[in-house]
Amino acid sequence: MKIVFATNNAHKLSEIRSILGESIEVLSLKDIGCDVDIPETGTTLEANALQKAQYIYDHYHMDVFADDTGLEVEALNGAPGVYSARYASLPDNPVKTDSASHDSEANMTRLLYELQGKDNRKARFRTVIALIQKKNVCPCGCTSIKEVHQFEGIVEGEIIQERRGGEGFGYDPIFQPDGYDQTFAELGMDIKNHISHRARAVQKLADYLKVNS
């Protein structure tokens, strides 16, 4: 089967395709000719994921899933959360920079600054996937409806004191998952693809698609 993943992030595409395997052909936004910067105006991961999927379904009429991921730090009351990708570009950044959205280095710099002097460094990555599929109501296919499903994956861990590792992306160099003495950026993609928040959400998506595709 073919399904659109509403992203052009090469890291995410590689990770998702590796997890889903060859039985499901995952198309990127580029693959379907979509070069629009899809709005993400929700205040929750769930809202953002659904907003992206809904845009593709409405404009391209294809089965689609979209994800949104946030790093939730306990000592920061769940921040940066839904604003994880643009944390350093927010106007309340105490580390004065001219960082653009999705600047991983700047985001990590701000987070490490915010956690200075704090003993509690517990954190979790949370991924939410929104899936929209067209389903035929009757056997002849004359009537169809839209079905929406959501899947969540969580991995607990902590924020370490300084960056370690050269693989991965985002906050991977400073996030150490529970049960490991290495960061996501040190563990490598093979291990990360088995234990990450996205891997857990995608596995739930894959299990659903295998039964319902």
Side-chain angles (χ1 to χ4, degrees), residues 5-7 9-20 40 42-53 65-90 101-115 118 120-131 150-207:
F5 180 21
T7 188
N9 185 305
H11 294 290
K12 285 185 179 183
L13 279 167
S14 176
E15 197 172 16
I16 290 286
R17 285 168 173 163
S18 174
I19 294 167
L20 288 180
E40 297 179 55
T43 57
T44 65
L45 301 178
E46 289 81 359
N48 275 346
L50 183 58
Q51 185 177 23
K52 289 184 285 187
F65 67 92
D67 79 319
D68 200 19
T69 294
L71 175 65
E72 300 171 343
V73 181
E74 189 172 289
L76 302 180
N77 298 314
V82 70
Y83 305 109
S84 294
R86 51 191 186 277
Y87 196 39
S89 66
L90 298 177
S101 180
H102 295 79
D103 185 333
S104 296
E105 287 299 321
N107 289 338
M108 286 189 285
T109 295
R110 174 177 181 178
L111 183 58
L112 292 174
Y113 178 89
E114 298 270 19
L115 286 176
K118 297 184 184 297
N120 180 7
R121 304 182 74 88
K122 291 181 181 178
R124 68 176 187 171
F125 268 120
R126 189 165 70 92
T127 289
V128 175
I129 292 175
L131 168 70
Q150 288 192 329
F151 310 91
E152 181 186 64
I154 295 173
V155 61
E156 304 284 349
E158 65 176 357
I159 304 300
I160 62 172
Q161 298 286 341
E162 59 186 18
R163 297 164 176 80
R164 294 204 318 255
E167 295 195 45
F169 56 97
Y171 295 90
D172 285 357
I174 60 173
F175 181 83
Q176 183 172 294
D178 286 351
Y180 294 83
D181 58 5
Q182 293 178 301
T183 67
F184 269 163
E186 293 175 302
L187 288 170
M189 295 306 292
D190 286 344
I191 296 177
K192 183 186 174 185
N193 281 350
H194 283 90
I195 67 170
S196 77
H197 45 294
R198 187 172 292 106
R200 293 172 179 178
V202 171
Q203 189 58 59
K204 293 177 183 178
L205 168 68
D207 291 343

Are any non-hydrogen side-chain atoms of Leu187 and Pro177 less than 4.5 angstrom apart?
-> yes
Would a 4.5 Å heavy-atom cut-off, applied to side chains only, mark Leu76 and Leu115 as touching?
-> yes
Mind checking whether Leu50 and Glu46 have side chains closer than 4.5 Å, heavy atoms only?
-> no
Donor-acceptor pair, side chain of Gln176 and main chain of Tyr180, under 3.5 angstrom | yes
Electrostatic pair Lys122:Glu158 at N-O distance under 4.0 angstrom | no
Please check if the side chain of Asn48 supplies one atom and the backbone of Gly42 the other of a donor-acceptor pair under 3.5 Å.
-> yes
Hey, does Glu186 have a side-chain heavy atom less than 4.5 Å from the side chain of Glu167?
-> no
How far does CG of Asp178 sit from CD of Glu156, to the nearest 0.5 angstrom?
-> 6.5 Å
Taking all heavy atoms of Ala6 and all of Ala66, pick out the closest pair and write down the distance.
-> CB-CB, 3.8 Å
Shortest non-hydrogen separation from Arg164 to Ala185 and the atoms involved = O-CB, 3.5 Å
Check ion pair Asp103-Arg86 (N to O, under 4.0 angstrom) | no
Would you say the side-chain atoms of Asp172 pair up with the backbone N or O of Phe169, donor to acceptor, closer than 3.5 Å?
-> yes
Hey, does the side chain of Arg126 reach the backbone of Glu152 with a donor-acceptor pair shorter than 3.5 angstrom?
-> no
pair Val202-Phe151: side-chain heavy atoms closer than 4.5 Å | no
Is Arg163 paired with Glu105 through a side-chain N to carboxylate O contact shorter than 4.0 Å?
-> yes
Minimal heavy-atom distance between Val82 and Asp68, with the atoms involved, is CG2-OD2, 3.9 Å
Over all heavy atoms of both residues, which pair between Gln51 and Glu40 is shortest? Give the atoms and the distance, please.
-> OE1-CA, 3.4 Å
Between Arg124 (side chain) and Val73 (backbone), is there a donor-acceptor pair under 3.5 Å?
-> no
Do Ile129 and Gln150 touch side chain to side chain, with heavy atoms closer than 4.5 Å?
-> no
First locate atom CD1 of Ile174, then atom CG of Leu112, and finally report the distance between them rounded to the nearest 0.5 Å.
-> 4.5 Å
For Arg110 and Ala88, indicate whether the former's side chain and the latter's backbone hold a donor-acceptor pair under 3.5 Å.
-> no
What are the two closest heavy atoms between Ile195 and Arg200, and how far apart are they?
-> O-NE, 3.2 Å
Would you call Asp67 and Arg198 a side-chain contact if the rule is heavy atoms closer than 4.5 Å?
-> yes
Can any side-chain N or O of Asn107 pair as donor or acceptor with the backbone N or O of Tyr87 at less than 3.5 Å?
-> yes
Would a distance-only check, ignoring hydrogens and angles, find a side-chain to backbone donor-acceptor pair under 3.5 Å from Ser84 to Leu71?
-> yes
State, to 0.1 Å, how close Ala53 and Ala130 come at their nearest heavy-atom pair, and which atoms those are.
-> CB-O, 3.9 Å
Side-chain heavy-atom pair Tyr171, Phe125 within 4.5 angstrom cut-off | yes
Output for pair (His197 NE2, Ile154 CD1), nearest 0.5 Å, gives 11.0 Å
Can you say whether the rings of Phe175 and Phe184 are parallel (under 30°), tilted (30 to 60°) or perpendicular (over 60°)?
-> tilted
